[in-house]
Protein chains: 2
Amino acid sequence: MKTELQNYLQHYGIKPSVQRIAILEYLHTHATHPTAEEIYVALHPTMPTLSKTTVYNTLKLLARHGAILLLDIDGETAHFDGDIRPHAHFLCHQCRHIWDLPLAVAPEALLLDELELFQVDDIQLYYKGLCRACQQKID
Amino acid sequence: MKTELQNYLQHYGIKPSVQRIAILEYLHTHATHPTAEEIYVALHPTMPTLSKTTVYNTLKLLARHGAILLLDIDGETAHFDGDIRPHAHFLCHQCRHIWDLPLAVAPEALLLDELELFQVDDIQLYYKGLCRACQQKID
DNA sequence: GTACGTGCAAAGAATTTGCAGATAA
DNA sequence: TTATCTGCAAATTCTTTGCACGTAC
């Protein structure tokens with residue numbers, strides 16, 4: 001139900017709007033780490049007035065408020081993740097798919113003493129290489 | 001001496017050229033995680049024929065062969081690191097500086113069982129937030 | 001009514017591509 | 001010579017901005 005997403009947005013200090021709810025709902029139901037473009041293409045058919053600008057604005061807003069994750073793992077395009085629990089990501093250089101990975105160590109263990117000098121808002125752990133399917137294609 | 005850099009490049013299967021040596025030397029003497037633009041601006045005065053295309057081509061080539069690191073930590077621009085030993089990075093959202101950080105845990109400890117399904121070429125650990133100087137400015 | 005949200009078109013920035021000339025084994 | 005490297009200009013792609021219109025409390 002929409003009310004849950006409304007509450008979710010308000011909890012992060014974001015005013016709910018039709019567009020914001022739709023974009024958040026898409027991220028909560030698609031664990032595919034979509035790009036802004038992919039979200040736009042997916043939502044546009046059922047929301048013909050939705051603009052790409054609004055998708056970009058909304059994703060930036062959600063990420064800035066900590067309601068979603070922005071992944072810089074792919075040098076070319078920003079990807080977004082509706083799952084904000086601590087976890088790592090794997091990017092296949094060949095097929096460009098991104099996988100979720102549980103953390104091998106507690107997120108706190110990654111923190112260093114030196115980091116006390118910094119105020120850390122965000123930790124990103126990225127693995128890159130070839131997925132099994134792409135390894136076999138190359139053999 | 002240039003010969004060292006030549007050997008370094010050849011070790012990574014890269015044909016040495018005047019431009020490639022100059023760019024690699026810049027990275028080995030500047031631990032500032034420069035962008036392609038910064039390297040171009042720094043080298044151009046003493047190498048007036050150097051083109052930005054060559055800087056981009058060379059950095060991409062070096063990174064692909066594992067001779068340098070490409071950092072995607074900053075969503076806007078690629079940064080490069082001549083130090084390829086395992087270490088983490090911190091980005092200050094305010095001043096945009098990047099710091100090197102020793103790893104709190106051995107890089108292998110970050111690896112997960114699930115990762116056996118993948119061929120991992122690259123691990124990146126990014127911390128983002130505010131550096132001490134920028135925290136104080138905001139107070 | 002006032003502040004905020006949206007969307008269009010245009011601008012901006014980072015990077016890549018096509019291709020011709022230069023260079024090196 | 002023959003493949004490779006370089007560099008210019010143009011193209012591409014992702015993202016942001018300026019601004020006018022809509023919308024909601």
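Letters go in sequence order (proteins before strands), and every chain restarts at 1. As a basis for the values below, the full set of heavy atoms in this structure was taken, side chains included, without hydrogen atoms, waters or symmetry mates.
Rounded to whole Å, the distance from OH on A:Tyr40 to C1' on D:dT16 is 16 Å. For B:Arg96 and C:dA13, the CZ to P distance is 15 Å, given to the nearest whole Å. Atom-to-atom, CD1 of B:Ile23 to C1' of D:dG7 comes out at 12 Å; the value is rounded to the nearest Å. Between the CD atom of A:Gln6 and the P atom of D:dA24 there is a distance of 13 Å, rounded to whole Å. In this structure, A:Asn57 atom CG and D:dC19 atom C1' are separated by 13 Å, rounded to whole Å. As rounded to whole Å, 13 Å separates atom C1' of D:dC5 from atom NE2 of B:His65. Put simply, NZ on A:Lys52 is 8 Å from P on D:dC14, counting in whole angstrom units. Per the geometry, CG belonging to A:Leu59 stands 14 Å off C1' belonging to D:dT16, to the nearest Å.
Note on A:Glu76: only backbone sugar-phosphate atoms sit closer than 4.0 angstrom, heavy atoms only; bases stay farther off. In this structure, B:Thr49 reaches the sugar-phosphate backbone alone: every heavy-atom distance under 4.0 Å involves primed, P, OP1 or OP2 atoms, never a base. Across all strands, A:Ala36 comes closer than 4.0 Å to no nucleic acid atom at all (heavy-atom distances). The residue B:Gln19 sits close only to the backbone: its heavy atoms come under 4.0 Å of sugar-phosphate atoms, none of a base.
Map B:Val18 and B:Thr53 each onto its nearest nucleotide of DNA chain C; the residue landing nearer the 5' end is B:Thr53. Residue whose closest nucleotide on DNA chain C sits further toward the 5' end, between B:Thr77 and B:Lys15: B:Thr77. For the pair B:Thr54 and A:Glu37, nearest-nucleotide mapping onto DNA chain D gives the more 5' position to B:Thr54.
For B:Ser17, a side-chain nitrogen or oxygen approaches OP1 or OP2 of D:dT6 to under 4.0 Å. Of the side-chain N and O atoms in B:Tyr56, none sit less than 4.0 angstrom from OP1 or OP2 of C:dT16.
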| message | Show, in sequence, the C-alpha distance, side-chain angles and deciding distance for B:Leu70 and B:Phe80, and conclude whether the side-chain contact (heavy atoms from CB on, under 4.5 Å) test is met. | response | CA-CA 5 Å; B:Leu70 187 164; B:Phe80 297 89; 3.8 Å; yes

| task | Run the numbers on B:Tyr126 and B:Leu91 for side-chain contact (heavy atoms from CB on, under 4.5 Å), then give the verdict. | result | CA-CA 8 Å; B:Tyr126 298 141; B:Leu91 169 73; over 6 Å; no

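Atom NE2 of B:His65 has more than 12 heavy atoms from other residues, nucleotides or ligands within 6.0 Å.
Taking the six-membered ring where tryptophan is involved, the planes of B:Tyr26 and B:His30 are essentially parallel, since the angle between them stays under 30° and well short of 60°.
No hydrogens or angles considered: nothing links the side chains of B:Asp122 and A:His93 as a donor-acceptor pair under 3.5 Å.
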